[in-house]
**Q** 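Sharing a structure here in structure tokens format.
To find a chain, count down the sequence lines: A is the first, B the second, and so on, and within it residues start at 1.
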Amino acid sequence: MPQVMVVARNFMDMVAALPASKLDMLYDSAFICEAVLRSLPPLAKKYALQMLYVSAPVVASAMEEWVLSDYATKHRVAIDKLLQLRVFVEVRDRRKEVSYKMNQKFQGNMQKYLVDGGSLPREPMPSSVTARLPTLTELEAYALEQWECFLLQLINSSQIEGGSSFSLSMMRTFQRGLLSSRDGEAPRLTENGFQFLLMETNAQLWYIMREYISSAEERGVDPTELISFLLELSFHTLGEAYSLNTLTDVQRIAIRDLAELGLVKLQQGRKDSWFIPTKLATNLSASLSDSSSSKEGFVVVETNFRMYAYSTSRLHCEILRLFSRIEYQLPNLIVGAITKESIYGAFENGITAEQVSLAL
Amino acid sequence: MTSKVYSDDVSLAVVVVDTNPFFWASAALPFADFFAHLIHYVNSLLLLNHLNHVVVIATGVSSCTYIFDSSDASASGSADVAATFAKASRKIEEFIAQDARCTASNGSVADSNSASLLSGALSLALCYIQRVFRSGTRHPQPRILCLQGSPDGPEQYVAVMNSIFSAQRSMVPIDSCIVGAQDSAFLQQASYITSGVYLKPQELSGLFQYLAAVFATDLHSRTFLRLPKTLGVDFRASCFCHKKTIDMGYVCSVCLSIFCKYHKKCSTCGSEFNRVMPDLNSMPDQRQ
Amino acid sequence: MYGGGGGGGGFNAPSTASGRRRNQEDEEEEEEEAGEGRVLEAWERAYADDRSWEALQEDDSGLLRPIDTKTLVHAQYRRRLLLRSAATAAARIQKGLIRYLYIVIDLSRAASEMDYRPSRMAVVAKHAEAFIREFFDQNPLSHVGIVTIKDGICHRLTEIGGSPESQIKALMGKLECSGDSSLQNALELVHGYLDQVPSYGHKEILILYSALNTCDPGDIMETIEKCKKSKIRCSIIGLAAEIFICKHICEETGGSYTIALDESHFKELLLEHAPPSPAIAEYAAANLIKMGFPQRGAEDLISICSCHKKIKSGAEGYICPRCKVNVCELPTECRTCGLTLVSSPHLARSYHHLFPVQPFDEVSSIYPNKLGQKGGQKCYGCQQSFINPDSQSSLHVRCPKCNQHFCLDCDIYIHESLHNCPGCESQRSSSS
Amino acid sequence: MPISWSTATSTCSTPRWPASCPGRCRRSVSSCSTRHTTSITSALRLSVSASASRRWKALNETCGASRKRLIGRFKATDANRLRAEYNRLVDGLAQRGNLPISDAWLANPALPDDILKEAVPGNIRRAEHFLAVLRRLVRFLDGRLETETVENEMPVSFVASIHSQAGIDQKMLRFCYDRLHSLMLTLEITDTDEFMHIQTICDFATLIGTYTRGFSIITEPYDERMPDIRDPVIQLSCHDASLAIQPVFDRFQTVVITSGTLSPIDLYPRLLNFNPVISRSFTMSLTRDCICPMVLTRGSDQLPVSTKFDMRSDPGVVRNYGRLLLEMSSAVPDGIVCFFVSYSYMDGIVNSWNEMGILQDIMQHKLVFIETPDVVETTLALDNYRKACDCGRGAIFFSVARGKVAEGIDFDRHYGRLVIMFGVPFQYTLSRILLARLEYLRETFQIKEGDFLTFDALRQAAQCVGRVIRSKADYGMMIFADKRYSRHDKRSKLPGWILSHLHDAHLNLSTDMALHIAREFLRRMAQPYDKMGSGGNKTLLTEEDLQNMAQDAMEM
């Protein structure tokens with residue numbers, strides 16, 4: 001699905017969009033560097049790696065030697081990207097010859113990484129303090145559950161899942177684009193809202209994060225801090241407990257919201273509370289959502305528009321319900337029919353036929 | 001779909017490290033530095049994509065073993081990568097010691113230019129890669145990198161060849177980086193047949209630079225890059241009788257064993273040769 | 001999830017005779033319990049044989065999951081393996097490694113039948129291609145030619161040659177079928193060609209036969225005699241049913257005659273012909289062949305290749321060691337001095353036939369780590385632990401020589417593709 | 001005209017079925033396949049049709065000729081040889097006595113020993129007299145053939161009329177066969193076929209002379225099928241199969257009757273009137289189910305197919321039958337055998353196939369051979385059929401139920417992978433013989449016509465399809481192409497070894513389904529299998545197996 005790439009890159013664009021000073025500030029943290037590096041296109045990665053131990057600027061023309069002549073375009077793209085993100089810095093010597101050198105901070109961090117294969121943003125709390133931690137499976141289950149009920153929330157805001165009522169800030173985030181909330185009636189799903197539902201979990205995550213961050217600006221929170229925090233978060237170890245006390249208050253606010261999305265799990269200890277990053281969080285910096293996060297199951301649509309979906313998730317059921325009449329549900333099977341009314345209903349909500357067929 | 005867009009990135013690199021003491025004793029680059037380079041390289045791979053997967057296999061004079069597997073590292077949390085590396089280096093030392101021990105125990109080969117068990121290491125690597133293939137449809141792109149210093153062991157010829165063909169069959173390129181003095185005919189052929197990269201760096205001190213520049217890139221973006229070409233692969237066979245390479249010789253029609261000069265009887269399959277072309281009809285027909 | 005189960009069932013059912021019988025039996029009983037008036041429709045009958053749905057189980061949550069066919073597959077693989085190793089029981093087994101094979105493809109009217117999807121012809125062509133590749137992979141020094149039968153006459157599609165690509169191209173080009181088929185004509189033709197091959201070569205014919213009859217100009221028995229005389233081994237794979245004459249031919253000439261049940265089975269049968277058959281002593285004269293092992297020409301040297309008469313830089317050509325002429329591809333015969341030119345990899349490809357890995361013996365999971373000191377709980381090859389939760393049986397195998405333990409997958413891989421035992425290879429003592 | 005002296009074939013035919021149990025006929029002294037004995041009808045048939053009239057003359061001539069020659073011989077042969085012959089005639093009894101008895105009944109099973117034991121009556125002992133008698137007899141028969149009406153009389157009255165008109169008494173009649181036989185022996189006449197007709201007459205005479213009941217003489221001036229052409233026939237038909245088997249029962253204390261087509265088994269004791277000690281029907285023991293019977297009721301167009309009188313000439317049915325054969329000929333390798341209900345039907349349908357062009361299409365797949373009433377032609381056809389099967393060309397043999405092929409020829413292995421029974425081979429119900437026979441059966445054995453007819457038809461059908469599989473290494477398919485087979489009353493009369501393999505799914509097939517099944521079956525059968533049979537279905541019994549069985553039998 002192309003959207004995924006779009007979203008993912010957009011995020012990096014956002015990073016790139018930041019003014020140089022802020023960028024350099026970002027590069028203070030090794031994790032940002034790492035995340036940025038990983039988000040680069042393959043060729044760019046390679047260059048970065050190659051330049052890692054080169055302190056002197058390298059002449060651009062020399063770099064072009066690295067690739068075969070007929071792939072020059074790709075080379076261009078890579079270089080641009082690097083410059084955009086200020087991983088490479090362009091320097092011109094007196095002979096007006098363009099040559100690149102690497103961003104010192106970036107370089108430094110990376111070198112450090114190579115030596116001691118990446119350290120941790122903050123030490124996990126000793127297990128003595130923490131009460132029993134949820135197992136990874138529990139954690140994942142929790143994350144997915146949270147995430148799904150958030151999505152369900154999107155689909156029909158009327159029904160509120162037990163316990164997880166979303167804070168205003170989050171709701172506001174969704175309002176933008178996903179939900180068309182005409183005042184008075186309950187917000188309904190819009191076209192790209194529906195599109196959104198069809199994305200990979202990871203892509204959705206990014207999308208939401210972007211919305212969240214940009215909305216953060218309105219709330220007068222410095223996006224860079226958020227970004228760095230999010231990226232940091234993604235490098236925490238899955239299932240380890242981290243104390244909240246180590247966080248700045250901005251981060252504390254953020255983490256509450258994230259908890260609602262299921263990115264982290266908050267736990268209250270005796271004297272202090274801590275948060276546990278879930279798979280969703282650790283995947284933040286991943287460019288690829290691994291298969292476990294995308295749920296199994298497939299849909300069979302007969303020519304008589306009867307539809308059989310092999311899935312256990314309520315979410316799937318709900319998504320289908322958007323444009324079809326669910327007839328009955330078995331433990332792992334959802335049987336529905338696409339009827340005129342149902343499809344019209346879908347169009348009412350601005351869902352286009354393409355999207356429906358895409359969904360199937 | 002997403003997977004397809006990105007999976008070119010994700011790669012599984014099995015690094016075969018030659019820990020032949022006889023070689024490292026007399027190597028230009030001390031083993032410790034070499035190992036440091038290696039660690040850098042492994043780290044850089046992991047850095048490039050958090051889904052990248054690196055396995056290191058050590059091959060000694062008389063045994064081979066797995067010494068590092070990033071998958072169990074990440075399983076225990078990507079945090080303690082450092083710890084795993086520490087473990088790895090510990091493991092490799094143990095291995096070397098143990099290897100030396102069993103070399104001593106079967107004192108068959110103690111001469112200085114004895115080969116490492118390339119065939120064994122390759123076999124292990126391939127088995128591991130097969131397992132990854134089995135793991136599912138979105139498996140990473142596997143490749144093998146051989147860091148070899150010690151000379152080839154002619155007695156491994158058949159075995160190495162078998163592994164090479166098996167690799168070719170499952171599209172696993174075998175890259176080879178020679179840290180030793182002389183070229184390795186085995187690895188030349190391996191890289192040539194499996195369309196991997198064969199490299200013999202001049203300046204060993206900058207080993208990491210070579211590794212990063214040539215071997216760190218994933219298979220997909222290799223197609224763009226200008227990589228060192230393999231020239232003059234030695235395709236000459238070594239005869240079975242004296243293990244010496246020949247460019248013309250006799251081949252047994254039954255078992256294809258190679259001899260440097262004419263024999264009366266095939267030493268491999270034991271079939272008699274008759275110089276004159278026998279006319280078929282004169283031969284007794286055992287069918288009735 | 002259906003695919004797995006169905007495929008598994010479909011694949012297992014035909015291959016094991018017992019499986020077959022079992023299927024028939026429960027098919028019978030199924031139909032007996034089906035009431036008097038009840039009639040299985042045609043499409044139902046199609047499934048009545050391989051009852052793939054029986055391979056499906058439900059897990060506790062009611063999700064369907066296919067039974068793991070792994071052990072089954074492995075079991076039948078082992079049978080094959082042991083069979084093979086039994087056949088090559090003699091330490092020094094002679095194999096016919098230099099084979100001259102003509103593939104005869106029946107493109108008569110019958111080849112357009114639709115009982116194989118999309119048509120017999122298409123299926124045959126598809127797998128023939130796969131076969132040819134596999135064949136050259138296993139017998140690098142062998143030669144293959146393709147002959148087609150159509151309208152009762154048969155003509156040579158490609159002359160016998162050493163490279164797969166040309167054959168395949170020719171085959172794919174020529175795919176329409178009509179008229180009767182004639183075994184005799186085919187045999188006559190091929191016999192004519194095969195009489196010219198050198199005496200050390202093993203002459204074989206592999207007929208992929210769709211038709212159920214043969215319209216011959218003369219007495220086919222004589223032709224069979226001729227083939228028998230000139231030591232040509234005819235094997236036939238029938239797509240429809242057993243034909244007496246085919247059986248006769250194969251029995252006479254020492255070939256094998258098999259009938260495909262379905263596409264997968266056909267593929268199986270076809271690929272069984274890829275590995276070289278144990279040489280019947282008098283079928284070909286053992287002989288020492290003088291061969292050259294040319295090297296790639298140096299980068300700079302420019303020469304004219306003898307095969308295409310084109311100017312080539314030495315790099316993409318090879319130099320005949322005897323007469324120094326440049327040839328483009330190996331293996332081939334030097335145009336000038338007639339020396340057989342091969343590269344050592346070509347020879348090496350078939351060495352595993354000579355030094356096979358002996359079959360591993362199965363170790364039951366009761367005492368997993370008693371025997372394998374190093375192996376322990378893990379497969380020595382791929383480091384996979386034997387105690388995996390999903391498959392209830394943690395059966396694995398052990399190499400008799402090096403006592404290393406391997407998982408079933410590795411076992412298959414090692415014997416089918418790799419052909420060395422990693423355990424033995426990574427021990428100095430046994431590696432030479 | 002072929003003369004089927006059916007009784008002659010009722011002698012020990014070695015037990016073929018089930019071919020599984022070596023020890024079976026150990027205790028038996030004799031055993032015979034009942035197939036033939038029951039079909040001992042239409043014993044003799046003299047034809048005087050235009051074509052044959054010449055032969056009739058020839059017959060007379062031969063009589064004359066032979067007589068002259070005999071006279072000549074008398075003159076020629078010296079006294080003692082003449083005396084020797086005379087003696088033999090006089091004390092035939094003694095002669096017979098010397099001969100081993102079994103030979104006697106083997107040589108002439110139809111005649112009870114008492115005849116054989118009696119001496120030849122004096123008035124035909126001399127050759128001249130005998131010939132004169134024959135002359136008179138022939139002339140008498142000739143006279144009878146002149147008749148315009150259909151007559152049906154018992155041997156008694158017939159003999160009476162002979163006596164009155166030809167002055168030949170029963171005793172003389174009875175000895176004709178015997179006398180002629182010995183005469184021929186004496187004169188060492190080798191070319192017997194020249195004397196075939198005269199022998200026929202003697203046989204006829206002897207039979208009517210011998211039996212007073214169980215036979216009837218039917219004289220028909222016309223053939224019912226073509227009532228305008230005059231084709232007078234005198235037929236002596238035997239209604240009572242028990243007569244034929246009688247000597248066997250008399251001769252042996254233990255008789256084991258085995259057959260693949262004895263069904264329903266309870267009918268036989270009544271037909272052959274004896275009371276069985278044990279009657280068992282064994283199921284066939286096979287390593288794999290290597291026979292695949294199917295009942296095909298509809299063509300591809302789902303219209304029913306049958307050979308009932310009202311339907312058989314319907315072009316739709318004919319076409320469907322044609323399509324069936326065509327499809328099968330394209331899907332079945334080597335040999336296919338087709339059985340039709342009668343010659344006339346076969347001619348008809350083959351003609352119309354020819355017109356429809358179906359025959360040509362079939363010819364593309366296989367060569368077609370046809371059985372004709374002519375023995376020589378048929379054997380030739382069979383030869384070529386076999387050749388065609390051997391060399392892989394593939395062939396189809398059109399044959400007729402109750403025909404010679406159906407009775408005696410095996411189409412095992414590749415000679416018959418498929419046999420198609422077109423229609424239910426009921427007997428020609430209007431024929432006098434059948435009517436007479438049915439009547440007789442009803443009177444003597446209280447067997448209903450309907451029962452007997454279906455029984456007979458199904459037995460024929462089973463026998464036809466039985467040709468195709470002769471051993472358990474063999475395999476073959478059987479298609480009963482008639483909707484009537486799907487009816488239970490018909491089907492249930494099929495022998496058990498067929499029924500046991502007749503799946504319910506195969507009871508009501510149309511052509512396309514049958515085709516599919518056929519393909520599946522052939523593929524399955526072509527797979528290698530273990531000949532010995534494994535575990536449950538062991539088919540080759542060893543010595544100890546038998547002993548064990550005996551043990552078990554003892555225990556229960």
Side-chain angles (χ1 to χ4, degrees), chain C residues 14-15 17-18 20-21 23-25 27-28 30-46 48-49 109-110 113 115 179-184 211-216 218-221 238-249 256-262 265, chain D residues 287-289 297 328-335 364-367 386-395 413-415 417-418 475 477 486 488 500-510 512-530 533-537:
Chain C
S15 50
S18 60
R20 237 18 243 178
R21 200 170 295 117
N23 283 339
Q24 288 169 26
E25 276 161 13
E27 170 191 347
E28 258 177 51
E30 187 265 356
E31 284 169 351
E32 270 148 25
E33 74 201 10
E36 171 74 29
R38 165 131 162 69
V39 176
L40 282 181
E41 293 307 327
W43 64 270
E44 284 183 293
R45 286 293 285 95
D49 277 350
R109 199 183 311 104
E113 294 259 359
D115 52 356
D180 303 320
S181 70
S182 163
L183 277 173
Q184 193 195 8
L212 282 176
N213 61 359
T214 159
C215 304
D216 300 328
D219 179 6
I220 189 165
M221 300 301 172
L239 280 82
E242 181 185 56
I243 311 168
F244 174 77
I245 190 65
C246 296
K247 199 167 186 175
H248 183 69
I249 293 175
S256 76
Y257 181 43
T258 47
I259 304 297
L261 288 159
D262 52 20
H265 188 218
Chain D
T287 19
R288 48 177 190 174
D289 50 5
T297 58
M328 285 302 164
S329 65
S330 71
V332 177
D334 299 332
Q364 288 200 327
H365 299 289
K366 299 195 184 304
L367 304 180
R386 292 229 165 78
K387 276 210 194 70
C389 293
D390 284 333
C391 79
R393 178 63 181 88
R413 292 172 17 255
H414 60 288
Y415 294 126
R417 285 303 181 207
L418 166 68
Y475 64 90
M477 292 182 295
S486 63
H488 183 264
S500 64
H501 288 81
L502 186 53
H503 304 157
D504 293 335
H506 298 178
L507 281 184
N508 181 18
L509 298 173
S510 67
D512 44 3
M513 291 154 72
L515 190 65
H516 186 272
I517 297 173
R519 287 215 166 105
E520 289 283 321
F521 176 78
L522 287 169
R523 292 212 170 96
R524 217 163 56 220
M525 285 301 125
Q527 301 310 315
Y529 74 106
D530 54 344
S534 57
N537 46 13

**Q** Report which part of Ala110(C) has an atom under 4.5 Å of a heavy atom belonging to chain D: side chain, backbone, both, or neither.
**A** neither
**Q** Among residues at least two apart in sequence or on other chains, which ones pass side-chain hydrogen bond (donor to acceptor under 3.5 Å, both in side chains) with Lys247(C)?
**A** Glu242(C)
**Q** Please name all residues satisfying ring-ring contact (aromatic ring centres under 6.0 Å, His included) with Phe244(C), sequence neighbours left out, ordered by chain then number.
**A** His414(D)
**Q** Decide side-chain contact (heavy atoms from CB on, under 4.5 Å) for Gln184(C) and Thr214(C); before the verdict, give the C-alpha distance in whole Å, the side-chain angles of both, and the deciding distance to 0.1 Å.
**A** CA-CA 8 Å; Gln184(C) 193 195 8; Thr214(C) 159; 5.5 Å; no
**Q** Taking every heavy-atom pair that is under 4.5 Å apart, which of Asp219(C), Thr258(C), Leu239(C) has the most such pairs with chain D?
**A** Leu239(C)
**Q** Out of Gly392(D), Ser329(D), Gly394(D), Ala518(D), return the one with the most heavy atom pairs under 4.5 angstrom to chain C.
**A** Gly392(D)
**Q** Is the shortest distance from a Lys or Arg side-chain nitrogen in Asp115(C) or Arg523(D) to a carboxylate oxygen in the other one below 4.0 Å?
**A** yes
**Q** Could you look at Tyr475(D) and say if it's the side chain, the backbone, both or neither that has a heavy atom under 4.5 Å from chain C?
**A** side chain
